[in-house]
There are 2 protein chains.
Amino acid sequence: MASNETDLPITIDFRLRTPIAEQVRDQIRALIAEGTLRPGSQLPTVRQLAAALRINFNTVARAYRMLAAEGLISVQHGRGTFVLAPASPEASATLRREALDALAQALAEHARQMGFSEAEALAALRRAWQRQEPP
Amino acid sequence: MASNETDLPITIDFRLRTPIAEQVRDQIRALIAEGTLRPGSQLPTVRQLAAALRINFNTVARAYRMLAAEGLISVQHGRGTFVLAPASPEASATLRREALDALAQALAEHARQMGFSEAEALAALRRAWQRQEPP
DNA sequence: TGTATCATTGTATCTATGTATCATTGTACC
DNA sequence: GGTACAATGATACATAGATACAATGATACA
């Protein structure tokens, strides 16, 4: 289920305060952490993903560079961008925790920005969790 | 019929008691309400409007932020400022709830895919919330 | 087999636009 | 007059987009 013209479920929201480069980075990190993006696989080119998200390709390039700095991907001039294998099982576990924390942080910030309480945010997460229990 | 170098009929009066940031805010709000500024259209940049009114661009930025807080416009760092579609109080409440649910849904799906339990996801959200309590 | 050319892909740099922070001003109140 | 506070301005910063550049690989052809 893609959320854009690439095969990746990535969406951005210009209305959020979080910079869109960070929105892209956080979602790709989560996709790597959860295994949707596997080691060795190629990411969309900066221009492909940018076109799909209707943003400038430099913004995607910045997201890729941040992920490269984290050691998650390898960006290769003239060739493309590829997912790296985790250095160790511990690194993999750390990545999952960091990916989760980043998403939780984003949810917390936006929920607060929209005026919701912590209890309301938690309730929304519980509802979302239950909603996907059945399938 | 513009009252300055932009195409917008906005004027300010330094002699009035009301702060000029509020004068700007009020006139833009009226232009949106009457339909002169339509949803999706881009407002002048803070520097453009400031130059036209011969005031500091920070003052325009403050007016824009106030309107953003009212939910009338969307100010986007590095991109510009845009008029939002009007929404009744009920509709905007629904949109707000849906935005929260969408974020919660994304978090739930990624967290589950990464192998976390509901309790772990909730704990991450609580941590994130506490982490931003200070400011 | 070498190389010229071209398309593809990421990089560097500059511009445009909003943000954050501190200084200045001016006005109200004592 | 002096002081406190709100409003405005000045300046440095952060984010996103535009455009020119550089590296890689595929293809054609000598």
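Every chain is numbered from 1 and lettered A, B, ... according to where its sequence line falls, protein lines coming before strand lines. When reading the values below, keep in mind they use all heavy atoms of this one structure, side chains included, and skip hydrogens, waters and symmetry mates.
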Which nucleotide in D/dA7, D/dA23, D/dA16 has an atom nearest any side-chain atom of A/Pro19: D/dA16
Check: A/Arg96/A/Ser92 side-chain N/O donor and acceptor closer than 3.5 Å: yes
B/Leu43 or B/Arg62, whichever maps to the more 5' nucleotide of DNA chain C: B/Leu43
Shortest side-chain distance from B/Thr45, nucleotide among C/dG18, C/dT11, D/dG17: C/dG18
Distance below 4.0 Å between A/Thr59 side-chain N/O and D/dA16 OP1 or OP2: no
First of B/Arg79 and B/Arg54 reached from the 5' end of DNA chain D, by closest nucleotide: B/Arg54
Side-chain donor or acceptor of B/Arg131 paired with backbone N/O of A/Gln105 under 3.5 Å: no
Sugar-phosphate only, base, or nothing, as touched by B/Phe57 at under 4.0 Å among non-hydrogen atoms: base
Whole angstrom value for the distance that separates C1' of D/dA6 from CE of B/Met66: 13 Å
Sugar-phosphate only, base, or nothing, as touched by B/Arg65 at under 4.0 Å among non-hydrogen atoms: sugar-phosphate
Nucleotide forming a Watson-Crick or wobble pair with C/dA16, both distances under 3.5 Å: D/dT15
Polar side chain donor-acceptor pair, A/Gln23 to A/Gln27, under 3.5 angstrom: no
Distance-only donor-acceptor test, A/Asn58 side-chain atoms vs D/dT19 base atoms, 3.5 Å: yes
Residue whose nearest DNA chain D nucleotide is more 5′ - A/Gly78 or A/Thr18: A/Thr18
Sugar-phosphate, base or nothing in reach of B/Arg47, heavy atoms under 4.0 Å: base
Heavy-atom donor-acceptor pair, A/Gln42 side chain to A/Gly80 backbone, under 3.5 Å: no
Side-chain N,O (B/Thr81) to OP1/OP2 (C/dG18) below 4.0 Å: yes
Side chain B/His77 and base D/dA14 donor-acceptor under 3.5 Å: yes
Under 3.5 Å: donor-acceptor pair, side chain of A/Glu22, backbone of A/Pro19: no
Distance test, side-chain N/O of B/Asn56 to OP1/OP2 of D/dA10, below 4.0 Å: yes
